[in-house]
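First the proteins, then the strands, lettered A, B, ... as listed; each starts at 1. A quick note: this is a predicted structure, and the numbers were derived from the prediction, not measured.
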Amino acid sequence: MEFVIEKVLPNGLGRVGVIKTAHGEIKTPAFMAVGTRGYVRFISADDLHELGAQAMLSNGYHLRRQAAKIAKAGGLAEWKPLSFDQPFPFTEPAASRPVVTGETCFDRSPLVAKSSEERESLFKAYELRPDGLPAKSWQGPTLTDSGGFQVMSLGSGLGKVVSMEKERHVTNTAHKERLAHVSEDGVSFIDPFDGEPDFIGPEESMQIQCQIGADIHMAFDELTSLADTYEYNIEAMQRTERWAERSLREHLKHRDDLGYRQNLYGILQGGRWEDLRRQTAQNLAKMRVDGAGFDGFGLGGAFLKEDLGEILRWCNEELPIEKPRHLLGLSHPDDILIGAEMGADTFDCVAPMREARHGKIYTRNGNINLRKFADTGETLDQSCDCTTCKAGWTRGSLRAMWRSGDAEKKAKYYNLASIHNLRFIVRLTEEIRKAMLGDYFDEYRREFLAKYYTEA
RNA sequence: GCUGGAAUCGUCUAGUGGCAAUGACAAGAGACUGUAAAUCUCUCGGCUUCGGCCUUCGUAGGUUCGAGUCCUACUUCCAGCA
């Protein structure tokens with residue numbers, strides 16, 4: 001993998017570049033679409049390319065049981081993730097669903113068909129999804145996460161929102177005992193889908209990721225939550241560094257297994273503390289196994305919004321300039337702007353797609369809640385160049401599809417809205433890139449933020 | 001015309017003597033950042049100095065300390081018989 005830096009901002013941190021992978025180039029700064037299970041929900045590979053997505057991020061944890069199959073297909077970029085025979089939509093409630101086998105890939109959904117007719121019609125709806133069945137392979141640059149995030153989301157963060165703001169008592173599911181436990185070896189967890197106990201450590205994560213064969217892999221790490229103490233963050237960070245070395249060692253054994261070079265990023269943790277962040281950045285930067293170091297770095301953690309820029313500055317001042325950096329899991333425009341300014345090259349996040357599904361639509365003048373636009377004939381965003389807006393879909397009609405009880409219409413709404421929000425964020429990164437190259441980044445950011453955050 | 005049955009908060013619905021009244025949908029507000037998320041939380045008769053107060057279960061009476069619940073009449077709807 002090659003990383004070419006085309007330009008550096010006057011602050012010495014932000015930059016424009018190109019990451020060259022075995023499956024294509026990523027012009028940075030860039031936003032990667034999240035396709036946890038190997039596909040982006042409700043968005044086809046064709047749609048993804050059309051809206052300018054340059055790379056897809058999947059998750060080794062979620063794909064661990066399909067890893068061998070993916071390797072056989074030639075790696076994530078070639079894999080067709082969905083097939084007609086999957087048990088979806090379910091005919092029984094989540095609790096009574098059968099154990100998922102290695103052959104089965106499915107989308108987490110509480111959707112339950114009450115009759116075989118309904119199941120049939122739901123199937124039909126899903127077949128009509130643009131990313132429908134059978135899916136096309138993505139065929140572009142890919143990245144996989146190690147499963148480190150799940151250490152937190154199934155462990156200490158279970159049932160909580162991974163919020164950058166203060167903890168709000170929002171839960172998605174009834175709070176149960178944590179499903180993941182961390183030890184020096186790795187993480188023991190209960191698979192939330194089937195209740196089966198399982199284990200992933202650095203070696204397992206690397207073996208899985210090298211079979212999945214994304215262009216970029218993440219070292220196995222432990223993400224702490226905002227509630228964790230300084231002391232615990234030291235412990236978790238140091239463990240993450242030890243895991244990073246084990247990850248690197250295992251990765252080197254398998255990185256060419258699929259016939260092309262796979263790359264590994266080391267992940268920086270350390271919470272919101274400057275000493276930890278700088279220290280871990282230095283440690284990971286100089287880490288070597290048989291003379292080989294990391295190909296890039298992941299910037300991880302749960303952040304308070306106001307701390308993000310500072311934390312990234314601490315990290316990136318210590319990291320080698322010539323290696324690419326991925327800011328994990330953030331995509332709100334202010335986060336991307338500060339991230340790019342402070343030297344993050346790539347980004348990923350579920351928010352654009354998830355929020356689209358939940359009716360939050362991004363516009364240049366701020367986000368809108370689609371619920372409030374029952375009767376309007378305007379498009380989602382007049383200045384948007386996404387296919388949804390260009391096709392003339394109105395807020396009113398999209399709202400009607402969203403609120404409709406018809407699964408087919410809903411699925412279509414999810415597709416159209418997801419494309420819109422994702423395009424909005426991808427376009428933001430494209431514009432940041434242009435602005436940096438054209439020496440007007442500060443002006444661009446000021447104008448964008450003024451419009452985006454002042455109007456309702 | 002007779003005999004049964006039914007009328008509840010936008011809709012459907014629970015409720016058989018202590019009820020401002022169940023659940024679902026709809027509606028409204030909010031959340032969501034390396035996806036246990038087509039999810040989750042809150043509101044959903046009116047007013048409130050948050051302790052309550054007022055008005056509500058087709059209409060009008062009645063029994064009762066107390067009635068959505070029991071009784072009588074009426075109105076409307078449904079079913080069966082004519």
Tell me the partner of [N], counting only Watson-Crick (N1-N3 plus N6-O4 or O6-N4) or G-U wobble (N1-O2 and O6-N3) with both under 3.5 Å; none if nothing fits.
{"N": "B:C47", "result": "B:G52"}
{"N": "B:A79", "result": "B:U3"}
{"N": "B:C42", "result": "B:G28"}
{"N": "B:A21", "result": "none"}
{"N": "B:U35", "result": "none"}
{"N": "B:C74", "result": "B:G58"}
{"N": "B:U16", "result": "none"}
{"N": "B:U64", "result": "none"}

Tell me: [atom1] of [X] to [atom2] of [N], nearest whole Å?
{"X": "A:D348", "N": "B:U35", "atom1": "CG", "atom2": "P", "value": "7 Å"}
{"X": "A:R399", "N": "B:A26", "atom1": "CZ", "atom2": "P", "value": "11 Å"}
{"X": "A:W402", "N": "B:C25", "atom1": "CH2", "atom2": "P", "value": "15 Å"}
{"X": "A:H326", "N": "B:G34", "atom1": "NE2", "atom2": "P", "value": "10 Å"}
{"X": "A:W243", "N": "B:G34", "atom1": "CH2", "atom2": "C1'", "value": "15 Å"}
{"X": "A:I200", "N": "B:G34", "atom1": "CD1", "atom2": "P", "value": "17 Å"}
{"X": "A:R403", "N": "B:U39", "atom1": "CZ", "atom2": "C1'", "value": "13 Å"}
{"X": "A:F373", "N": "B:A27", "atom1": "CZ", "atom2": "C1'", "value": "17 Å"}

Between A:Q54 (side chain only) and A:A30 (backbone N and O only), is there a donor and an acceptor less than 3.5 Å apart? no
Let me know, please, whether A:A374 or A:E355 comes out on the 5' side of the other along RNA chain B by nearest nucleotide. A:A374
Report the residue from A:T379, A:L416, A:T387 that forms a side chain to side chain contact (heavy atoms under 4.5 Å, CB included) with A:W393. A:L416
Using the [atom1] atom on both, measure [N] against [M] and round to a whole Å.
{"N": "B:C77", "M": "B:A29", "atom1": "C1'", "result": "38 Å"}
{"N": "B:A21", "M": "B:U16", "atom1": "P", "result": "15 Å"}
{"N": "B:G66", "M": "B:C19", "atom1": "C1'", "result": "11 Å"}
{"N": "B:A24", "M": "B:A14", "atom1": "P", "result": "14 Å"}
{"N": "B:A36", "M": "B:G30", "atom1": "C1'", "result": "22 Å"}
{"N": "B:G10", "M": "B:C47", "atom1": "P", "result": "16 Å"}
{"N": "B:U76", "M": "B:A37", "atom1": "C1'", "result": "48 Å"}
{"N": "B:U22", "M": "B:G15", "atom1": "P", "result": "13 Å"}

According to the side chain to side chain donor-acceptor pair (under 3.5 Å) rule, which pairs have a member within residues 21-35 of chain A, sequence neighbours left out? A:H23-A:D215
Looking only at the side chain of [X] (C-beta and beyond, no hydrogens), which of the listed nucleotides [options] gets closest?
{"X": "A:H358", "options": "B:G34, B:U39, B:U33", "value": "B:U39"}
{"X": "A:N369", "options": "B:U35, B:C32, B:G30", "value": "B:G30"}
{"X": "A:R41", "options": "B:G34, B:C32, B:A37", "value": "B:A37"}

Can A:R64 be said to sit on top of A:Y61's aromatic six-ring, NZ or CZ under 6.0 Å from centre and within 45° of the ring axis? yes
For [X] and [N], is the shortest distance between a side-chain N/O and OP1 or OP2 below 4.0 Å?
{"X": "A:Q150", "N": "B:U35", "value": "yes"}
{"X": "A:K372", "N": "B:G30", "value": "yes"}
{"X": "A:R354", "N": "B:U33", "value": "yes"}

Would you say the side chain of A:R371 and the base of B:A27 hold a donor-acceptor pair, judged only by whether the two atoms sit under 3.5 Å apart? no
Is there, by distance only and without an angle test, a donor paired with an acceptor across the side chain of A:D221 and the base of B:G34 below 3.5 Å? yes
Check whether any side-chain heavy atom of A:D145 sits under 4.5 Å from a side-chain heavy atom of A:F220, and report yes or no. no
Can you spot which of A:R423, A:E355, A:R427 makes a side chain to side chain donor-acceptor pair (under 3.5 Å) with A:Y362? A:E355
Point-to-point distance, once rounded to the nearest 0.5 Å, from OG1 of A:T429 to CG of A:L337: 10.5 Å
For a quick check of understanding: with a heavy-atom distance under 4.0 Å over all strands, which category does A:L143 fall into, base, sugar-phosphate or nothing? nothing
Just jot down the side-chain hydrogen bond (donor to acceptor under 3.5 Å, both in side chains) partners of A:S58, sequence neighbours excluded, or say none. none
Kindly label the base of B:C19 as syn or anti, based on whether its glycosidic torsion lies within 90° of 0. syn
